[in-house]
Protein chains: 2
Amino acid sequence: MSALASNARPSIAGPQGSLSLHHIKVHCHTCSLRELCLPVGVDQDALQQIDALVTERIHVKKGAALYRAGDPFSALHAIRVGSCKTTVLGEQGHEQVAGYHMTGDIVGMDGIASDRYAGQAVALEDSEVCVLPYDRLEELARHLAPLHRNLDKVLATEIVRGHNLMLLLGSFRAEERLAVFLLDLSQRYRERGYSATEFMLRLTREDIGSYLGLQLETVSRLLSRFQAGGLLQVQGRLVKLLDLPALKQMAGDSGARGPIVHA
Amino acid sequence: MSALASNARPSIAGPQGSLSLHHIKVHCHTCSLRELCLPVGVDQDALQQIDALVTERIHVKKGAALYRAGDPFSALHAIRVGSCKTTVLGEQGHEQVAGYHMTGDIVGMDGIASDRYAGQAVALEDSEVCVLPYDRLEELARHLAPLHRNLDKVLATEIVRGHNLMLLLGSFRAEERLAVFLLDLSQRYRERGYSATEFMLRLTREDIGSYLGLQLETVSRLLSRFQAGGLLQVQGRLVKLLDLPALKQMAGDSGARGPIVHA
DNA sequence: CGACTAGTTGAGGCCAGTCAATGTTGGTGG
DNA sequence: CCACCAACATTGACTGGCCTCAACTAGTCG
């Protein structure tokens, strides 16, 4: 229904031929994600060098893992088409969703710290991923200051994302968390040129709950409640946001953990 | 009482004189944190270069901020003596403790993402901090591969710390969170040569609660409960861990959000 | 069509939040 | 030195938000 339900993209065939039906040649400088992904703001020459180190652009089936917890770390992964969830693993095997990632996002940074991935990344739909070998990336970054800077920013942004999530999990009540989650999705879809008000949830209720520190029943109930209140419309995984201002108010205006205002 | 209650350190005077009473000259290569801080594993020559970029080693009074939310980002801060807490700031002004940092830790990474600090860092006692100008650090890292690697690891470790905290806040119950917190402190004090079982909490109950997503009353109650159960002894901020195995079991054995076992 | 997974909704209970009163500690100035 | 004050901490009583358990419905895929 919505534009983003499909991942159709404009032509991605490069100008220099050599494209087969089953394996279309993709390059950074012809990729529509140029402005979202790692190479923002680098010049043409640098772009080609970055392109050269992306040796693999792999297809990942829905439900398959880009990498697993404990795998030796070797590369970051940039999502070209599709989406995935990342998870953290507790000592006793408990798993929690740590992130939902879409087109242009980079995942796998948790592997840098200990040379092994700490969690796993699982495709939520058939996806296409650029594999960025980390040692070559690091080496290249030494010569390309803008790339170096971008790489550090990507890491730092993930740190900030984590901090904001801590705030969400530590100080927000269930309905605030869900509102923040929906608004975050809305914004990210808009940034990618999709509808900000109508989109498909690629995560199950359970995954959303895991991500937000809630039970799946709570998520389901809240969505129903939001719908009853005219904030949105839900039909399975399809969500239509009807009242963004009200959602924004719910997401924060009351102040985190503020006194409950009985309306 | 305990060794770690004081921050007394062995002599820090360098060999090359030039030390005044009020401003003792400190250098990376004579700093006792060499093995904990940024320059782990770099050679003598590189160490001198890192040392050269640390233009300031500032003293921060208890309660004073190393940096504030919104300040333009210019430097990372390495804690040489003392400790601090870092916080995240919500849109509506709500503040939550995001980290407790001690000797050798590096703070201020949240500023890299947007060239402004997202939260603030506040000293919990009179402390001494090395200021690491970021642009010079980045520049130097381009020539010193080991430093580059260390810097990235520091960032990545912060990412993993964030992920683990998400897990803690999203999937653990109150007593599990507190047990994890205490064990984390225990381990970090041990790594620094202090007692792993007897230490001073530098955070108030409120700060601990904020960090763990709990109310201060809950923290207080839990500490009392732990004491009643013989797990530890508390007297204000002084904590003596009496039963580490039991604490560890409480921290995870039940499995996060696992079924409550009525003993 | 049956088995399975995902989602919804209801009933009830518990963990932790909230409100409130009291105790304790540490710093400051008379 | 001690009185005083403010910040920090403890404990109790009560409440309520979210979890837990459970039954039922709606799609999906072999």
Side-chain angles (χ1 to χ4, degrees), chain A residues 62-63 85 94 96-97 124-125 168-179 200-210 212-228 232-239 250 254-263, chain B residues 1 5 61-63 85 94 96-97 122 124-126 168-179 200-228 232-239 250 254-263:
Chain A
K62 174 176 176 174
K85 65 175 175 181
H94 178 80
Q96 181 177 316
V97 175
L124 294 167
E125 57 194 305
L168 197 71
L169 294 171
S171 303
F172 283 58
R173 287 172 308 100
E175 66 173 25
E176 296 173 327
R177 295 185 206 179
L178 188 61
M200 198 66 98
L201 297 172
R202 299 242 112 92
L203 294 169
T204 65
R205 303 287 190 265
E206 185 173 13
D207 282 340
I208 296 171
S210 172
L212 299 177
L214 303 170
Q215 292 308 114
L216 67 100
E217 295 95 328
T218 303
V219 174
S220 181
R221 260 186 266 270
L222 284 172
L223 284 172
S224 299
R225 178 136 60 91
F226 284 3
Q227 180 165 239
L232 49 77
Q233 250 182 290
V234 215
Q235 205 155 30
R237 306 253 179 120
L238 183 64
V239 173
M250 178 163 284
S254 78
R257 270 296 161 71
I260 294 113
V261 181
H262 299 284
Chain B
M1 295 285 125
K61 283 253 173 260
K62 174 175 176 174
K85 64 175 176 182
H94 178 80
Q96 180 177 315
V97 174
V122 174
L124 295 167
E125 58 194 303
D126 291 2
L168 195 72
L169 293 171
S171 302
F172 282 60
R173 287 172 314 98
E175 64 172 28
E176 297 172 326
R177 295 185 207 179
L178 189 61
M200 197 68 96
L201 297 172
R202 298 240 113 91
L203 294 169
T204 65
R205 303 289 190 266
E206 185 172 13
D207 282 340
I208 296 170
S210 172
Y211 182 52
L212 299 176
L214 303 171
Q215 292 307 113
L216 65 100
E217 294 94 329
T218 304
V219 174
S220 181
R221 260 187 265 273
L222 284 172
L223 284 172
S224 298
R225 180 134 59 88
F226 284 3
Q227 179 164 239
L232 50 76
Q233 250 182 289
V234 214
Q235 204 156 31
R237 306 252 180 121
L238 183 63
V239 173
M250 178 162 284
S254 79
R257 269 295 160 76
I260 293 115
V261 180
H262 299 284

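Letters A, B, ... are given to chains in the order of the sequence lines, protein chains preceding strands, and every chain is numbered from 1. On a predicted model such as this, the values are computed, not experimentally measured, just so you know. Any value given below was found using the heavy atoms of this structure, including those in side chains, with hydrogens, waters and symmetry copies removed.
A distance of 12.0 Å separates CG in B:Leu214 from OG in B:Ser220, rounded to the nearest 0.5 Å. A distance of 13.0 Å separates CG of B:Leu169 from CG of A:Leu212, quoted to the nearest 0.5 Å. For the atom pair CG (B:Leu222) and CZ (B:Arg177), the distance works out to 10.5 Å, reported to the nearest 0.5 Å. Taken from CZ in A:Arg221 to CD in A:Gln215, the straight-line distance is 10.5 Å, to the nearest 0.5 Å.
Among the nucleotides D:dC18, C:dG17, D:dC8, the one closest to any side-chain atom of B:Thr204 is D:dC8.
Across the protein-nucleic acid pair, B:Leu222 atom CG and D:dT10 atom P stand 11 Å apart, rounded to whole Å. Atoms CZ (B:Phe172) and P (C:dC15) sit 17 Å apart, rounded to a whole Å. As a whole-Å value, the separation of B:Leu238 CG from D:dC8 C1' is 16 Å. Rounded to a whole Å, the CG atom of A:Asp207 is 9 Å from the P atom of C:dG7. Rounded to whole Å, atom C1' of C:dA6 lies 13 Å from atom CG of A:Leu203. Atom pair B:Arg202:CZ and C:dG26:P shows a separation of 12 Å (rounding to whole Å applied). We find that CG of B:Leu178 is positioned 16 Å from P of C:dC15, with the value rounded to whole Å. Rounded to a whole Å, the CD atom of A:Gln215 is 14 Å from the P atom of C:dG7.
Between B:Val234 and B:Arg205, the closest heavy-atom pair is CG1-NH2, 3.9 Å. For the residue pair A:Ala179 and A:Met250, the shortest heavy atom distance occurs at CB-CG, 4.0 Å.
In terms of position on DNA chain C, the residue among B:Lys62 and B:Arg225 whose nearest nucleotide sits closer to the 5' end is B:Arg225.
Applying the 4.0 Å criterion to OP1 and OP2 of D:dG16, one finds that A:Arg173 has every side-chain N and O outside that range.
Between B:Asp126 and B:Lys61 there is a salt bridge, with a side-chain nitrogen of the basic residue lying less than 4.0 Å from a carboxylate oxygen of the acidic one.
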Please list, for nucleotides 8-12 of chain C, all pairs of protein and nucleotide N/O atoms separated by less than 3.5 Å.
unit_1 : atom_1 : unit_2   : atom_2 : d
C:dT8  : OP1    : A:Arg205 : NH2    : 3.2
C:dT8  : OP2    : A:Arg205 : NE     : 2.8
C:dT8  : OP2    : A:Ser220 : OG     : 2.7
C:dT8  : O5'    : A:Ser220 : OG     : 3.2
C:dT9  : OP2    : A:Ser224 : OG     : 2.6
C:dG10 : N7     : A:Arg221 : NH1    : 2.8
C:dG10 : O6     : A:Arg221 : NH2    : 3.2

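Taking the screw axis at each terminus of the helix from C:dC1-D:dG30 to C:dG30-D:dC1 from five consecutive base pairs, the angle between the two is 40° to within rounding of 10 degrees.
For B:Thr204, the side chain to side chain contact (heavy atoms under 4.5 Å, CB included) partners two or more places apart in sequence, or in a different chain, are B:Glu206, B:Asp207, B:Arg237.
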* For the pair A:Leu178 and A:Ile208, evaluate side-chain contact (heavy atoms from CB on, under 4.5 Å) and give the outcome as yes or no after the intermediate values. => CA-CA 9 Å; A:Leu178 188 61; A:Ile208 296 171; 4.2 Å; yes

